[in-house]
Protein chains: 2
Amino acid sequence: MSEEISTKGERTRHAILDAAYRLFIEQGYHATSMRRIADGAGLALGGIYNHFPSKEDIYTALLLERHPYHKILPVLQSADGKTTEEYIRNAANALINELGGHPEILNFALIEIVEFEARHTSMLFANIFPQILPLTRRIADTQNNLRSIPLPVILRAFLGMFFSYYITDILIASVMPAEMRRNALDHFVDIFLHGIIKPE
Amino acid sequence: MSEEISTKGERTRHAILDAAYRLFIEQGYHATSMRRIADGAGLALGGIYNHFPSKEDIYTALLLERHPYHKILPVLQSADGKTTEEYIRNAANALINELGGHPEILNFALIEIVEFEARHTSMLFANIFPQILPLTRRIADTQNNLRSIPLPVILRAFLGMFFSYYITDILIASVMPAEMRRNALDHFVDIFLHGIIKPE
DNA sequence: CCTACCGATCGGTAGG
DNA sequence: CCTACCGATCGGTAGG
């Protein structure tokens, strides 16, 4: 992400991706026009086509370079914690710090479902796959007394818990009854932990 | 849903909504044109405007009349079960039966996030709100030994668990490692149950 | 409810 | 990388 941006071409490409990323997250793919992307990147419409052959190519480039898993998986990989409980709580906090006040970045995953019928996921998954095994190993390495649930399912459930927290938050955010929000994420994490750890 | 459809006007209106519903779920809102909706409903483009003033009005009508919560909440309300565990397992099974092989109906909730920045949710929530309290009461009525988690949060977590199961399923469906899929929903339900019920 | 049309905007390109 | 343009399609409407 923070590599040196050397050539001018690379800088322009970067500006196009930045603008498209912001607009896609804000209004979705089909509602975003190439003209607005060009505006956002500070060039004329035709200029974009020196860097990307089509609108969908901008999208797939973003899918490969900035899908939320790029932020999420490294955080999970590097979270501390000897016991499973420690690890999960740390990972959850780290994720909150990372995604922070910007849950919209998860929108990028939703666009793929809503506007593309998940057509690019196999491509995307080929990209993610190598990171799955180390991550389950990271979880397996915690000192744990886990219920007998396959580790990949535990990983999936953890990611799902996070996702569902954000989605329910966005969907009913300001109108949600206060009792539904208070400490909701803490409760979600507690439910998850009690769900995967054997009681003494 | 299965009310008598009497007048011709009502039947046409219904056909328009049906066609739009199918197309929106398949390709999203902005990728769906009024012409294709008209085709799907079996009339000419202009004919739609005898029933709806604009494309967005078709969408909001669907939001109020066919949002997935219309299927989900009644199922939760009427599920059997004396103990909490019985109730949750029955509710989960009933939901699976209801949504069955059609997880795409959840797409409708995602469109609102991705393509409308959740702009209509307060309207929608006003609609849903009266059904929340009875539902938390239904949960409270089960013979339970629950951990101290507010009931609305439990409800939110249950809905979220379901949602996250479907989303992770869609997102990485055919490419997901087999170990991530095997009995995944059962595991999700188990995690949830152990998460909310005190051990003996 | 259809036909025939409107202005606007879309993704993309040629040519320099 | 911009200017000026292309054909296609968009949401919506007038008039009958």
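In what follows, chains carry the letters A, B, and so on, assigned in the order in which the sequence lines appear, proteins first and then strands, with residues in each chain numbered from 1. These figures come from a predicted structure and were not determined experimentally.
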**Item:** Salt-bridge contact Arg22(B)-Glu26(B) (side-chain N to carboxylate O under 4.0 Å)
**Value:** no

Examine Phe116(B) together with Tyr59(B) and report whether their ring centres are nearer than 6.0 Å. yes

Between Arg156(A) and Glu179(B), does any side-chain N to carboxylate O distance fall below 4.0 Å? no

- Query: Is it true that Asp190(B) and Arg89(B) have a side-chain N and a carboxylate O under 4.0 angstrom from each other?
  - Reply: yes

Atom CZ of Arg35(A) and atom P of dG12(C) are separated, to the nearest Å, by 10 Å

Using the side chain to side chain contact (heavy atoms under 4.5 Å, CB included) rule, take Ile16(A) and Tyr21(A) through it: C-alpha gap first, then chi angles, then the decisive distance, then the call.
-> CA-CA 8 Å; Ile16(A) 294 170; Tyr21(A) 184 73; over 6 Å; no

Atom CD1 of Ile48(B) and atom P of dG11(D) are separated, to the nearest Å, by 9 Å

Indicate whether OP1 or OP2 belonging to dG12(C) is found under 4.0 Å from a side-chain N or O atom of Tyr49(A).
yes

Review point. Arg13(B) and Asp18(B): salt bridge (Lys or Arg N to Asp or Glu O under 4.0 Å), yes or no, with the steps?
Key: CA-CA 9 Å; Arg13(B) 186 191 131 94; Asp18(B) 272 354; over 6 Å; no

Review point. So, is Ser54(B) near the phosphate of dG11(D), with a side-chain N or O under 4.0 Å from OP1 or OP2?
Key: no

Rounded to whole Å, the CG-P distance (Leu43(B) to dC2(C)) equals 5 Å

Ranking dG11(C), dG11(D), dC1(C) by distance to the side chain of Thr12(B), first place goes to dC1(C)

Are Ser33(B) and dT9(D) close enough that a side-chain N or O sits under 4.0 Å from OP1 or OP2? no

Every stem of 3 or more Watson-Crick or G-U pairs under 3.5 Å that DNA chain C joins, in order of first number, is C:1-16 with D:1-16

From CD1 of Ile16(A) across to C1' of dG12(C) the rounded distance in Å is 14 Å

Leu45(A) CG to dC2(D) P, in whole Å, measures 10 Å

Leu23(B) atom CG is separated from dC10(D) atom P, nearest whole Å, by 12 Å

Atom OH of Tyr29(B) and atom P of dC10(D) are separated, to the nearest Å, by 13 Å

Rounded to whole Å, NZ of Lys8(B) lies from P of dC1(C) at a distance of 5 Å

_side-chain N/O His51(A) vs dC1(D) OP1/OP2, d < 4.0 Å_ = yes

Distance under 6.0 Å and angle within 45° of ring axis: Lys55(A) vs Tyr49(A) | no

